[in-house]
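Please read the structure below before turning to the comments.
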Amino acid sequence: MRLTDEQKGMLDGGRGEPVQVAMEMLCALGEIYGAEELIPIKSAHCAGLSLKSHGIAGMKWAEDMAAKGARVVVPTTMNVIGVDRSRDLGLPADWVEPQMRIEKAYEAMGCFGTSSCVPYYYSFLPRFGEHIAWAESSAVVFTNSVLGARDNREGGPSAWAAGITGFTPCYGLHLDENRRGDILFRVTVPLHGITDYGALGNYVGKMVGEKIPVFEGLGRPSTEELVYFGSALASAGGVALFHAIGLTPEAPDLETVFRGKRYEVVELGEKELAQGYDNLTSGKSRDVDFVALGCPHCSLNQVAQLAGLLQGKKVKDGVTMWIHTNMAVKAMAKELGYQKTIEDAGAVLTQDLCVVLGNPEVLGFKTMVTHSPKMAFYAPGGNGLDVWYGNEEKCVRAAVTGRWED
Ligand code: F3S
């Protein structure tokens with residue numbers, strides 16, 4: 001890989017040990033993927049920050065790097081963590097304390113401790129064509145597909161290294177030729193709400209793996225529907241980029257998206273949508289004890305909708321309801337009264353927390369209800385929870401009655 005004099009100096013240790021370590025990581029990655037150069041980035045997003053991902057060894061490594069003077073040189077945000085910093089949710093102290101040490105180490109390196117998988121909802125909005133190095137699969141698929149930024153599915157370490165150096169290896173989705181579509185999906189069924197988009201995203205994600213799906217007939221989805229659609233594609237498969245004709249910025253028409261490539265055409269109707277719902281449902285008992293919404297983290301619009309559904313109701317004794325968002329949205333929700341409505345109903349508006357990474361199973365939950373295709377995908381294997389998947393109205397009804405109804 002060709003390096004500039006500045007980059008060679010970084011690799012040789014001229015800018016200190018953390019920069020050298022970061023540059024070694026990026027050069028190794030570039031060699032593996034056949035990159036010819038390192039290119040400058042505008043921003044980075046570090047993920048894998050939970051104690052589940054870092055472990056104690058990772059925590060000590062991050063503290064060591066911070067103590068040795070590691071500092072990010074581009075705006076670098078942090079992904080969700082495994083605790084809610086604003087309150088005690090009853091998670092064990094030997095989980096909370098090291099998790100907070102990880103958070104503080106990254107903040108000491110100059111990362112924004114806003115801890116969310118949706119930093120584009122508050123200030124950090126990559127622009128069309130901009131090269132970035134973001135980890136967190138749901139954020140990567142959104143920035144690539146909906147915003148038209150250029151990003152590979154970074155891991156936590158490579159996103160950190162990019163933030164520290166300001167560079168990333170130029171391969172994969174940074175290059176025009178790798179952004180062409182692979183398979184065309186014709187959607188013939190109308191989609192309503194984020195759970196329809198999530199179910200269809202799950203079905204397609206399982207089918208395409210890491211290929212680039214192109215959609216016709218996706219309707220006029222809201223931002224939140226696109227976020228949940230992408231998160232389903234990225235979790236059930238390894239999708240980092242999709243195109244939707246007439247909807248996403250690199251897809252004005254089929255010719256532009258495929259650029260001469262031969263492609264298969266697949267129809268998606270009622271049957272495929274129903275299969276997506278089935279894939280995401282693993283519930284056995286209809287008695288539920290845990291309702292978790294907001295994966296990816298809720299927008300203010302979603303929080304307002306849930307507050308409206310919970311207004312004047314009470315979460316049933318024995319059921320825990322968590323609605324997940326970040327500190328920015330939660331601060332607005334507090335000012336605007338949505339948090340009070342939610343919490344008067346007995347639910348909790350959490351901050352920073354990712355339920356999948358937050359170990360909810362240690363609190364004894366068995367059967368979860370969610371509107372999130374990503375949480376429904378991971379929670380059975382990752383948290384040992386049985387899951388019912390359905391829209392917000394059904395989820396709130398389950399929270400109030402303690403029963404899942406189709
Ligand atoms: Fe975000 Fe965690 Fe879901 S990172 S997308 S809340 S699994």
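A donor-acceptor pair under 3.5 Å is absent between the side-chain atoms of Ser115 and the main chain of Asp352, judged by distance alone. Using a distance-only test at 3.5 Å, with no hydrogens or angles considered, no donor-acceptor pair links the side chain of Tyr389 to the main chain of Thr370. Under the 3.5 Å distance criterion, the side-chain polar atoms of Gln20 are matched with a main-chain donor or acceptor of Leu11.
Residues that satisfy the side chain to side chain contact (heavy atoms under 4.5 Å, CB included) test with Asn383, not counting sequence neighbours, are Lys52, Val356, Pro360, Glu361, Ala379, Leu385. By the side chain to side chain contact (heavy atoms under 4.5 Å, CB included) test, Val72 pairs with Thr76, Cys111, Ile164, sequence neighbours left out. Pro18 pairs by the side chain to side chain contact (heavy atoms under 4.5 Å, CB included) definition with Met65, Lys68, Ala70, not counting sequence neighbours. Remark: Asp196 pairs with Leu191, His192, Leu273, Tyr277 by the side chain to side chain contact (heavy atoms under 4.5 Å, CB included) rule, at least two apart or across chains. In this structure Arg153 satisfies the side-chain hydrogen bond (donor to acceptor under 3.5 Å, both in side chains) test with no other residue, sequence neighbours excluded.
Side-chain polar atoms of Glu267 and Thr188 form no donor-acceptor pair below 3.5 angstrom. A donor atom on one side chain and an acceptor atom on the other are not found under 3.5 Å apart for His371 and Thr195. Side-chain N/O atoms of Ser43 and Trp134 include a donor and acceptor closer than 3.5 Å.
In this structure, Trp61 and Trp160 have perpendicular ring planes: the angle between them is above 60°, well past the 30° mark. The aromatic rings of Tyr197 and Phe229 sit perpendicular, their planes meeting at an angle over 60°, well past the 30° parallel limit.
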Hey, can you pull the donor-acceptor pairs under 3.5 Å for the side chains in residues 118-133, sequence neighbours left out?
from	atom 1	to	atom 2	distance (Å)
Tyr122	OH	Thr114	OG1	3.1
Glu130	OE1	Arg127	N	3.4
His131	ND1	His174	ND1	2.9

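Among all heavy-atom pairs drawn from Arg179 and Leu173, the shortest one is NH1-O, 2.8 Å. In this structure, Lys42 and Pro75 approach most closely via the heavy-atom pair O-CD, 3.4 Å.
For the pair Val227 and Ile194, the minimum side-chain heavy-atom distance is 4.5 Å or more. Side-chain contact between Asp289 and Thr320 is absent, with no heavy-atom pair separated by less than 4.5 Å.
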Trace of the side-chain hydrogen bond (donor to acceptor under 3.5 Å, both in side chains) decision for Thr248 with Glu250: CA-CA 6 Å; Thr248 56; Glu250 291 168 77; over 6 Å; no
Derivation of the ring pair (Phe, Tyr, Trp, His ring centres under 6.0 Å) call for Phe258 and Tyr263: CA-CA 8 Å; Phe258 288 106; Tyr263 56 89; 3.8 Å; yes
Stepwise side-chain hydrogen bond (donor to acceptor under 3.5 Å, both in side chains) check, Asp151 with Asn144: CA-CA 6 Å; Asp151 188 13; Asn144 265 322; 5.2 Å; no
Step-by-step side-chain contact (heavy atoms from CB on, under 4.5 Å) determination, Ile39 to Phe167: CA-CA 5 Å; Ile39 49 171; Phe167 296 106; 5.9 Å; no
Residue pair Leu353, Leu89: steps toward the side-chain contact (heavy atoms from CB on, under 4.5 Å) verdict: CA-CA 10 Å; Leu353 178 66; Leu89 289 173; 3.6 Å; yes
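A distance of 10.0 Å separates OG1 of Thr223 from CD of Gln302, quoted to the nearest 0.5 Å. Atoms CZ and CZ, from Phe215 and Arg186 in turn, are 13.5 Å apart once rounded to the nearest 0.5 Å.
Using a cutoff of 4.0 Å between basic side-chain nitrogens and carboxylate oxygens, Glu343 and Lys330 are not scored as salt-bridged.
In this structure, Lys316 places its NZ atom where only 12 or fewer heavy-atom neighbours from other residues, nucleotides or ligands lie under 6.0 Å away.
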